[in-house]
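Because only heavy atoms are used, hydrogens play no part in the values below, and waters and symmetry mates are left out as well, while side chains stay in.
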Amino acid sequence: NVPLASGDRTWHASAWEANARVAMAEGNLQSAQNCIVKAVAIVENYDIPIATWRVHATAAEVHRSTGNTMLAERFQELSQALVVKLANSLEEPLRQAFLSGACASKVAVRG
């Protein structure tokens, strides 16, 4: 594990989340789990919603890939709720732009 140079927790969580996605793409589910656990630990201890919804979405993917559907559903719900909360904090047309973004659209609940 390489220590992260930045003190910003958003970047730390985002880096671990990205590492989890890379590990999944490489088929290394154990590494993906290790990385996402670190990302989740960061977002659970700090109020960083811009990273949290992505971490939770990736955690859902990791857990789905490893067969843990209960955790996958839980993280999917957390991600969806935060996407909606963030979207509702924006005015139009930013709200729609955020919700239609490739990443947010995967987890957003339309309605």
Side-chain angles (χ1 to χ4, degrees):
N1 294 339
V2 177
L4 300 171
S6 172
D8 186 325
R9 301 299 179 196
T10 299
W11 290 113
H12 285 197
S14 296
W16 285 118
E17 184 266 339
N19 281 327
R21 284 187 285 117
V22 168
M24 283 185 55
E26 293 173 343
N28 188 343
L29 295 180
Q30 183 61 49
S31 180
Q33 281 185 302
N34 292 340
C35 291
I36 206 61
V37 163
K38 291 174 182 174
V40 168
I42 293 168
V43 300
E44 286 181 347
N45 289 304
Y46 298 93
D47 184 26
I48 47 174
I50 213 73
T52 302
W53 74 269
R54 290 177 188 252
V55 167
H56 286 165
T58 300
E61 289 181 48
V62 170
H63 290 298
R64 197 173 298 109
S65 295
T66 61
N68 192 336
T69 56
M70 187 182 311
L71 267 179
E73 289 175 13
R74 176 70 178 134
F75 278 110
Q76 186 71 28
E77 290 169 4
L78 289 169
S79 183
Q80 288 173 340
L82 194 47
V83 165
V84 170
K85 182 178 178 180
L86 287 169
N88 288 339
S89 73
L90 301 171
E91 294 183 21
E92 296 297 340
L94 290 176
R95 181 181 186 281
Q96 283 306 314
F98 175 70
L99 287 173
S100 65
C103 292
S105 65
K106 289 181 183 179
V107 296
V109 176
R110 308 288 177 159

Checklist entry - Which of parallel (below 30°), tilted (30 to 60°) and perpendicular (above 60°) describes His56 and Phe75? => result tilted
Nearest heavy-atom neighbours spanning [X] and [Y]:
X: Ala32; Y: Ala23; value: N-CB, 3.5 Å
X: Cys35; Y: Asn19; value: SG-CB, 3.7 Å
X: Pro49; Y: Leu82; value: O-CD2, 3.7 Å
X: Ala59; Y: Val40; value: CB-CG2, 4.2 Å

Next on the checklist: Could you see if Val83 belongs to whatever hydrophobic cluster contains Leu94? Use Ile, Leu, Val, Met, Phe, Trp, Tyr and a side-chain cutoff under 4.5 Å.
Outcome noted: yes
Item to check | Glu73 vs Gln76 side-chain heavy atoms within contact, under 4.5 Å | outcome: no
Checklist entry - Is Ile48 close to Ile42 at the side-chain level, that is, under 4.5 Å between some pair of heavy atoms? => result yes
Checklist entry - Is it true that a side-chain atom of Thr58 and a backbone atom of Val55 form a donor plus acceptor pair closer than 3.5 Å? => result no
As an exercise, state the distance from [atom1] of [X] to [atom2] of [Y], rounded to the nearest 0.5 Å.
X: Ile36; Y: Glu61; atom1: CD1; atom2: CD; value: 9.0 Å
X: Leu99; Y: Leu86; atom1: CG; atom2: CG; value: 9.5 Å
X: Met24; Y: Ser31; atom1: CE; atom2: OG; value: 11.5 Å
X: Ser100; Y: Arg95; atom1: OG; atom2: CZ; value: 11.0 Å

Item to check | Residue Arg64 excluded, over 12 heavy atoms near CZ under 6.0 Å | outcome: yes
